[in-house]
Amino acid sequence: MEAELKQALQNKEFELYYQPQFSIKENQFVGAEALIRWNSPTRGLVSPAVFIPLAEETGLIREIGKWVLFEACLQGKTWLDQGFNIKRLAVNVSAQQLYLDDLQSQIQLALQQTGFPSSLLELEVTEGTLIESNRVIQPLFKALQDQGISIAIDDFGTGYSSLSYLKRFSVDILKIDKSFVDDIETDKDDRAIIRAIISMAHSLELKVLAEGVETQAQKAFLSKQGCDFYQGYLKSRPLPVKEFLDSV
Ligand code: C2E
Ligand code: CA
Ligand code: CA
């Protein structure tokens with residue numbers, strides 16, 4: 001698979017799907033997350049849950065991540081040119097892009113080459129990524145935010161959930177991990193954790209997005225707790241570009 005993955009970029013086998021995000025109260029479209037897919041000629045559609053870990057192990061993630069960034073900005077600009085107000089476009093960024101690459105220059109270049117406005121770009125960084133080191137991250141986030149780019153903490157609640165780093169790195173959005181949302185209806189501890197995350201985030205003036213929302217009951221609970229945004233199969237799966245506009 002590693003050999004095939006190496007060829008995949010060059011052979012244009014990757015594609016970005018987009019999952020729309022909505023406000024909970026008004027159910028209004030607020031943005032989308034870009035999620036990579038691999039259309040392998042030998043394996044069919046391969047899930048990122050399978051090939052992203054391999055890409056990380058082999059370092060290929062750096063090239064793939066660069067492509068994702070550019071492709072998402074290009075698509076965002078195309079939508080804007082077509083008159084579709086995309087609002088916010090979130091791109092997943094891996095640890096290696098943060099620590100090994102000059103991410104700021106890469107983003108600058110992608111924005112320049114595509115003409116996509118920085119204020120509509122959001123970077124999703126997993127909670128686990130942040131704890132490893134912070135000397136690099138703090139100034140990087142600050143510089144990106146000065147350009148109008150927003151930062152979301154992905155899979156929030158699954159790592160150490162250190163409150164001090166939320167203060168230290170100024171971030172804009174917390175994405176409550178799907179594992180907590182899954183058990184809203186059955187597990188009172190998960191409900192308590194969600195309540196705590198939302199109230200803490202709001203005290204720190206951060207927005208909260210719940211991911212993996214699949215049922216009305218989950219959405220109702222999140223809404224009652226004051227969660228700001230959500231995404232999930234309840235509203236829409238990640239979709240290829242040609243189906244995306246019909247879903248929002
Ligand atoms: P993630 O960033 O946490 O993305 C959310 C995952 O949950 C996506 O899986 C999405 O399709 C799925 N999902 C969304 N709503 C629901 C729902 O209601 N129910 C269920 N069961 N699942 C839902 P996907 O697309 O398979 O991606 C898996 C992971 O692969 C992502 O998790 C992310 O960590 C990674 N990934 C995907 N695209 C990229 C990328 O461009 N760059 C990097 N570095 N990682 C990526
Ligand atoms: Ca994500
Ligand atoms: Ca996530």
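Counting starts at 1 for both ligands and their atoms, in listed order. Note that this is a predicted model, so its numbers are computed, not measured. Numbering starts at 1 and runs along the sequence shown.
Contact annotation: for Val68 versus ligand 1, heavy atoms closer than 4.0 Å belong to the side chain alone. In Arg237, neither the side chain nor the backbone holds a heavy atom less than 4.0 Å from any atom of ligand 1. Residue Gln97 does not touch ligand 1, judged by heavy-atom distances below 4.0 Å. Contacts between Asp154 and ligand 1 below 4.0 angstrom, taking non-hydrogen atoms only, involve the side chain exclusively.
A salt bridge links Lys175 with Glu33: at least one charged nitrogen is closer than 4.0 Å to a carboxylate oxygen.
Counting the atoms of ligand 1 from 1 in the order shown, those under 4.0 Å from a heavy atom of Glu33 are 2 (O), 4 (O). Numbered from 1 in the order shown, with element, the atoms of ligand 1 that lie under 4.0 Å from a heavy atom of Pro238 read 11 (O). Ligand 1 places these atoms under 4.0 Å from at least one heavy atom of Gly232: 15 (N), 18 (O). Close approach of ligand 1 to Gln19 (heavy-atom distance below 4.0 Å) involves ligand atoms 14 (C), 15 (N). The Asp155 neighbourhood of ligand 1 comprises atoms 3 (O), with distances under 4.0 Å to a heavy atom of that residue. Proximity to Glu214 (heavy-atom distance under 4.0 Å) selects the following atoms of ligand 1: 17 (C), 18 (O), 19 (N), 20 (C), 21 (N).
Of the candidates Leu35, Asn39, Ile36, Asn39 is the only one forming a side-chain contact (heavy atoms from CB on, under 4.5 Å) with Glu15. Screening Asp189, Asp187, Ile193 for a side-chain contact (heavy atoms from CB on, under 4.5 Å) involving Phe180 leaves a single residue, Ile193.
The closest protein non-hydrogen atom to atom 5 (C) of ligand 1 is Glu211 OE1, 4.3 Å. The protein heavy-atom contact nearest to atom 28 (C) of ligand 1 is Pro48 CG, 3.9 Å. In this structure, atom 13 (N) of ligand 1 lies nearest to the protein heavy atom Tyr233 CE2, 3.9 Å. Atom 6 (C) of ligand 1 has Leu35 CD2, 4.8 Å as its closest protein atom, hydrogens excluded (heavy atom only). Protein heavy atom closest to atom 38 (N) of ligand 1, with residue, atom name and distance, is Ile36 N, 3.1 Å.
The shell of residues lying under 4.0 angstrom from ligand 1, judged by heavy atoms, excludes Lys175. Under a 4.0 Å heavy-atom criterion, Gly65 is not in contact with ligand 1.
Residue contacts with ligand 1: Glu56 is placed with no nitrogen or oxygen under 3.5 Å of a nitrogen or oxygen of the ligand (distance criterion only). Ligand 1 has no nitrogen or oxygen under 3.5 angstrom from a nitrogen or oxygen of Glu124. Remark: ligand 1 and Gln231 share no N or O pair separated by less than 3.5 Å (distance only, no angle test).
The shortest side-chain heavy-atom distance between Gln96 and Asp101 does not fall under the 4.5 Å cut-off. Contact check for Leu80 versus Pro117: side-chain heavy atoms found under the 4.5 Å cut-off.
When the shell of 6.0 Å around NZ of Lys25 is examined, it contains more than 12 heavy atoms from other residues, nucleotides or ligands. Around atom NZ of Lys87, more than 12 heavy atoms belonging to other residues, nucleotides or ligands sit under 6.0 Å away.
Our summary of the site lists the angle at the Ca ion (ligand 3) between OD1 of Asp155 and OE1 of Glu211 as 150°, to the nearest 10 degrees.
Judged by distance alone, with hydrogens and angles left aside, the side-chain atoms of Gln97 form a donor-acceptor pair with the main-chain N or O of Ser94 at under 3.5 Å.
Counting only heavy atoms, the protein gets under 4.0 Å from atom 16 (C) of ligand 1. In this structure, atom 21 (N) of ligand 1 has a protein heavy-atom contact shorter than 4.0 Å.
With Phe229 as the aromatic partner, Arg88 meets the cation-pi criteria of under 6.0 angstrom to the ring centre and within 45 degrees of the ring axis.
Using a 4.5 Å cut-off between side-chain heavy atoms of Ile, Leu, Val, Met, Phe, Trp and Tyr, with links allowed through other members, Leu204 and Ile194 fall into the same hydrophobic cluster. In this structure, Val213 is a member of the same hydrophobic cluster as Phe29, with clusters built from ILVMFWY side-chain heavy atoms closer than 4.5 Å. The cluster map of Ile, Leu, Val, Met, Phe, Trp and Tyr, joined by side-chain heavy atoms under 4.5 Å apart, puts Phe84 and Val91 in the same cluster. With hydrophobic clusters built from ILVMFWY side chains whose heavy atoms lie under 4.5 angstrom apart, Leu234 shares a cluster with Val248.
Checking Asn92 against the Ca ion (ligand 2), an N/O/S atom falls under the 3.0 Å cut-off. Distance check for Asp154 against the Ca ion (ligand 3): an N/O/S atom falls below 3.0 Å.
When the N, O or S atoms of Glu124 are ranked by distance to the Ca ion (ligand 2), OE1 comes first. The N, O or S atom of Glu33 with the smallest distance to the Ca ion (ligand 2) is OE2.
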Going through the checks in order, is the side-chain hydrogen bond (donor to acceptor under 3.5 Å, both in side chains) test met by Glu13 and Gln7? CA-CA 9 Å; Glu13 292 165 13; Gln7 297 301 313; over 6 Å; no
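Ser150 and Glu122 form a side-chain donor-acceptor contact under 3.5 Å, judged by distance and modelled atom types alone.
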